[in-house]
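Report on the structure given below.
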Number of protein chains: 2
Amino acid sequence: MIKKQLIMEKALELFAQQGIEATPIQQITDYCGISKGAFYLSFKSKDELIIALIDHFMKEIISDIDYMVNNTKNDEELLYTFYYSTFHAFHKHSDFAKIFIKEQTQSFNEELIVKIHYYDRLMEGIILSLIERLYGEKVERTKYDLIYCIKGLMNSYSGLFLFNNAPLNRELLCQSLVEKTNLLASHTTVPFITHEDFQMLKHPIKEEITIEQIIQMIEQVLKEIDEPIEKESLILLKQHLLEPTLSPAIAKGLLENIRNHPHCKWITYLLFRYYEIEK
Amino acid sequence: MIKKQLIMEKALELFAQQGIEATPIQQITDYCGISKGAFYLSFKSKDELIIALIDHFMKEIISDIDYMVNNTKNDEELLYTFYYSTFHAFHKHSDFAKIFIKEQTQSFNEELIVKIHYYDRLMEGIILSLIERLYGEKVERTKYDLIYCIKGLMNSYSGLFLFNNAPLNRELLCQSLVEKTNLLASHTTVPFITHEDFQMLKHPIKEEITIEQIIQMIEQVLKEIDEPIEKESLILLKQHLLEPTLSPAIAKGLLENIRNHPHCKWITYLLFRYYEIEK
DNA sequence: TTGACAAATGACTTATTAGTCATTATTATA
DNA sequence: TATAATAATGACTAATAAGTCATTTGTCAA
């Protein structure tokens with residue numbers, strides 16, 4: 001497990017610098033100080049490494065954003081928080097964000113395209129629920145169009161700091177985008193993308209994840225981490241999944257405990273979604 | 001010459017389908033019904049072909065748009081004409097547009113990056129002059145920011161028909177974007193990109209700038225500004241450059257102090273790069 | 001018809017890189 | 001300590017692709 005993480009970290013650096021195609025396995029293993037053969041003990045192929053990277057970081061980024069949005073009670077701050085946590089995540093994982101944006105349109109690998117599409121959909125889902133919460137009925141006709149505006153603006157501005165190294169006044173950027181979003185949401189009368197278009201564009205998202213799958217994931221993560229608090233929290237949450245005994249407050253508290261551990265972010269996201277649906 | 005055009009046409013098709021990297025010369029020549037050697041009679045290398053393609057199509061697209069914009073006398077129609085001719089050109093040369101957008105962020109080849117930047121700048125120039133003509137003084141503070149909004153929106157929506165081959169109601173799309181642009185132009189009060197930022201982005205530095213040059217710049221700026229905090233921060237940063245004594249946290253803080261001063265933006269940018277604080 | 005010149009060919013060289021596997025080193029166990 | 005199990009190695013194979021060049025083919029003026 002440790003070896004796998006080492007490879008992922010080092011590979012990410014090189015990929016961001018040179019691009020995925022231009023980085024041979026040999027260079028990654030040299031940089032890690034291991035042999036080429038050792039790489040293939042951790043990953044079946046170069047593609048598997050790429051997929052693992054995308055999964056790892058997109059899960060972390062999406063769950064960070066989702067958590068922030070769900071835990072901002074004040075609607076006034078909601079948009080700002082959304083933009084802020086998005087750009088924060090992009091900045092924190094800028095090496096990855098670069099790769100993600102770079103390869104977004106350029107991949108030959110089918111599995112990769114599906115992955116990227118999938119996470120793109122999740123992002124759209126977050127944006128949509130945010131718009132609905134903020135503007136409600138008023139944007140019924142324009143909300144799908146708004147999603148594309150927001151995505152376009154984010155893309156344009158994130159390119160600035162990702163590829164031009166410009167130092168970033170993130171507060172100002174977010175303020176500026178909040179204003180723009182509000183403007184577009186309040187005054188747009190001619191949407192381009194309608195509900196029907198949006199449905200059409202929608203690739204069927206992967207079917208709901210089962211409790212069994214979440215439990216399997218927890219068991220996997222338990223092997224990877226050492227921190228006692230997180231470990232015990234996970235064990236309790238697992239039991240709670242099998243047979244719900246804990247009060248909602250305790251369950252929520254346990255989720256808080258594991259929320260910030262890098263290996264637990266995705267599980268936290270799934271569990272939050274799971275309990276949201278249940279009630 | 002005829003041969004050269006044949007190769008360019010056929011190569012464009014294959015590039016758009018598979019990506020540039022994934023298309024071998026052999027495949028292009030097979031598709032053309034000529035030999036591999038014949039290719040090298042027309043182009044010195046694969047790179048030369050790629051550059052030739054970009055030049056050819058970007059010249060055509062840019063001049064089409066520029067012509068339409070310059071020949072629209074009625075300001076009411078100007079924005080609509082701009083969007084319409086842009087999307088028309090993208091659609092007409094969709095194979096090329098795909099490649100251009102794909103490779104925009106992903107290129108290894110230095111010459112190619114320079115080319116793409118150059119044409120991107122031309123596009124920004126067209127958009128800027130259009131904004132100035134339409135809104136004049138009213139957008140003095142927000143016009144550079146507006147450019148990035150327009151580019152972001154165009155990108156987001158052109159992706160729809162380029163990569164999802166959604167059927168396109170171009171009239172509706174342009175109407176919709178005209179409304180959005182007018183909204184943003186009329187009501188934006190918090191621009192993110194200022195005149196200074198825009199100037200800065202114009203000259204992306206390639207060659208290393210020496211400490212001495214930065215110090216010279218600081219001395220120059222010191223003469224220009226009066227604010228005590230910014231002044232002292234600059235003096236301290238200058239000493240720190242000559243002989244590093246400050247802790248990273250203090251240096252970072254001083255940079256924060258000067259970051260938003262219009263005359264210090266470029267220096268801040270250089271220093272951030274120098275210390276590699278912000279990536 | 002011929003010979004000179006240009007155009008075109010494709011087998012070949014060189015280089016790169018993903019992935020394999022027989023061998024060696026290390027660690028755990030009895 | 002001896003032995004089995006596991007991890008790690010890197011030389012090797014196979015595949016791909018850019019670019020070259022000796023040879024062939026085509027053209028046309030004399």
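Below, chain A is the first sequence line, B the second, and so on; all start at residue 1.
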Take the protein atom [atom1] of [X] and the nucleotide atom [atom2] of [N], then report the distance between them rounded to whole Å.
X: A/L41; N: D/dG10; atom1: CG; atom2: C1'; result: 13 Å
X: B/I34; N: D/dG26; atom1: CD1; atom2: C1'; result: 17 Å
X: A/Q27; N: C/dA18; atom1: CD; atom2: P; result: 10 Å
X: A/Q18; N: C/dT16; atom1: CD; atom2: P; result: 14 Å

*Would you mind reporting whether A/L128 and A/Y144 have side-chain heavy atoms less than 4.5 Å apart?*
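A side-chain contact exists here, since the closest heavy-atom pair is under 4.5 Å.
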*asked:* Are the side chains of A/L254 and A/I258 in contact, using a 4.5 Å heavy-atom criterion?
replied: no
*Side chain of A/K3 only, please: which of D/dA8, C/dT9, D/dT9 is the nearest?*
D/dA8
*asked:* Ignoring hydrogens, what is the shortest heavy-atom contact between A/A52 and A/M8? Give both atom names and the distance.
replied: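 Taking every non-hydrogen atom into account, O-CE, 3.6 Å.
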*Give a yes or no on whether the backbone of B/G152 and the side-chain of B/S156 come within a donor-acceptor separation of less than 3.5 Å.*
no
*Quick one: which residue pairs count as a salt bridge (Lys or Arg N to Asp or Glu O under 4.0 Å) with a foot in residues 48-63 of chain B, not counting sequence neighbours?*
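As it turns out, the salt bridge (Lys or Arg N to Asp or Glu O under 4.0 Å) pairs with a partner in residues 48-63 of chain B, which skip direct neighbours, are B/K44-B/E48, B/D55-B/K115, B/E60-B/K92.
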*asked:* Just to verify, what does A/K151 make a salt bridge (charged side-chain N to carboxylate O under 4.0 Å, His left out) with, not counting sequence neighbours?
replied: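 A/D120, A/E124.
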*Considering residues at least two apart in sequence or located in another chain, which fulfil the salt bridge (charged side-chain N to carboxylate O under 4.0 Å, His left out) criterion with A/E9?*
none
Output side-chain donor-acceptor pairs under 3.5 Å for residues 30-42 of chain A, partner residues at least two apart or in another chain, one line each.
| residue | atom | partner | partner atom | Å |
| --- | --- | --- | --- | --- |
| A/D30 | OD1 | A/Q26 | NE2 | 3.3 |
| A/Y31 | OH | A/E13 | OE1 | 2.6 |
| A/S35 | OG | A/A38 | N | 3.2 |

*Under 4.0 Å protein heavy-atom contacts per nucleotide of nucleotides 16-25 of chain D, with B for base, S for backbone only and - for none*: -SBBB-----
*asked:* Let me test you: for the helix from C/dT1-D/dA30 to C/dA30-D/dT1, what is the angle between the axes at its two ends (five pairs each), rounded to 10 degrees?
replied: 10°
